[in-house]
Amino acid sequence: MSTIQPPSETIWWKQPLDRVEFTWILIALTWSIIMFIMMPLWHVYGKQNLSNEAYRTTPAAFMKKAQAMVDEYTVRTETDQKIPVVHPPPGSDVYLVARLWSWWPLLELEKDQTYRLHISSMDWQHGFSLQPVNINTQIVPGYEMVLTVTPDTDIDQTIICNEFCGIGHHNMVGKIYVTEAGQ
Ligand code: CUA
């Protein structure tokens with residue numbers, strides 16, 4: 001039998017199972033069950049898979065809320081492009097806009113304080129990846145993802161896009177400055 005010719009025995013599912021084939025099926029099945037159990041376990045015992053919520057929105061409606069937060073809580077701007085750095089009060093709703101190719105605005109959050117972080121995309125699919133804590137979620141237009149976050153690092157956190165979104169994908173970098181509480 002060759003791979004070019006059709007199999008001589010066309011009713012292949014009535015053929016006896018080879019021992020090697022059976023072994024591989026068993027390995028794959030066992031591994032998939034382990035992964036299946038690990039998913040909820042990681043959620044409970046790990047830090048990567050956060051509880052999140054998703055709501056329908058539109059780019060315009062989301063932008064309006066983000067703009068209102070930026071207007072109220074901007075503490076300074078950075079670079080020649082005057083990118084706002086926003087310091088919202090602890091416990092508040094924080095809005096982060098994903099678009100080609102930036103995360104807007106830059107955020108300044110207080111250590112060990114909890115915020116509701118809303119993220120949505122203005123255009124295409126992006127991936128929110130928070131380093132070094134390794135929190136990942138997909139960001140799609142028309143949906144508002146809400147993560148409950150409590151910054152607990154002593155260093156600033158970097159947001160990178162982990163969903164390929166075109167020529168400027170590698171430049172799509174954002175920032176969460178982590179400050180001591182009350183500052
Ligand atoms: Cu946005 Cu890659």
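Remember, it's 1-based here, ligands and their atoms both numbered in the order they're listed.
Of all heavy-atom pairs between Q157 and D152, the closest is NE2-N, 4.3 Å.
Nearby protein atoms of type N, O or S around atom 2 (Cu) of ligand 1 amount to 4 (distance under 2.8 Å).
Sorted by first and then second residue, the pairs that involve residues 66-76 and meet side-chain hydrogen bond (donor to acceptor under 3.5 Å, both in side chains), not counting sequence neighbours, are Q67-D71, R76-E108.
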Identify every side-chain donor-acceptor pair in residues 142-151 under 3.5 Å, counting partners at least two apart or on other chains, and give the distances.
{"residue": "Y143", "atom": "OH", "partner": "R56", "partner atom": "NH1", "Å": "3.3"}
{"residue": "E144", "atom": "OE1", "partner": "K65", "partner atom": "NZ", "Å": "3.3"}
{"residue": "E144", "atom": "OE2", "partner": "K65", "partner atom": "NZ", "Å": "3.4"}
{"residue": "E144", "atom": "OE2", "partner": "H118", "partner atom": "ND1", "Å": "2.7"}
{"residue": "T150", "atom": "OG1", "partner": "T114", "partner atom": "OG1", "Å": "2.9"}

Contacts under 3.5 angstrom, residues 25-34 side chains, donor-acceptor by atom type, not counting sequence neighbours:
{"residue": "T30", "atom": "OG1", "partner": "L26", "partner atom": "O", "Å": "2.6"}
{"residue": "S32", "atom": "OG", "partner": "A28", "partner atom": "O", "Å": "3.3"}
{"residue": "S32", "atom": "OG", "partner": "L29", "partner atom": "O", "Å": "2.8"}

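The cluster map of Ile, Leu, Val, Met, Phe, Trp and Tyr, joined by side-chain heavy atoms under 4.5 Å apart, puts W24 and L17 in different clusters. By the rule that hydrophobic residues join a cluster once side-chain heavy atoms approach within less than 4.5 Å of another member, I160 and W101 end up as members of separate clusters.
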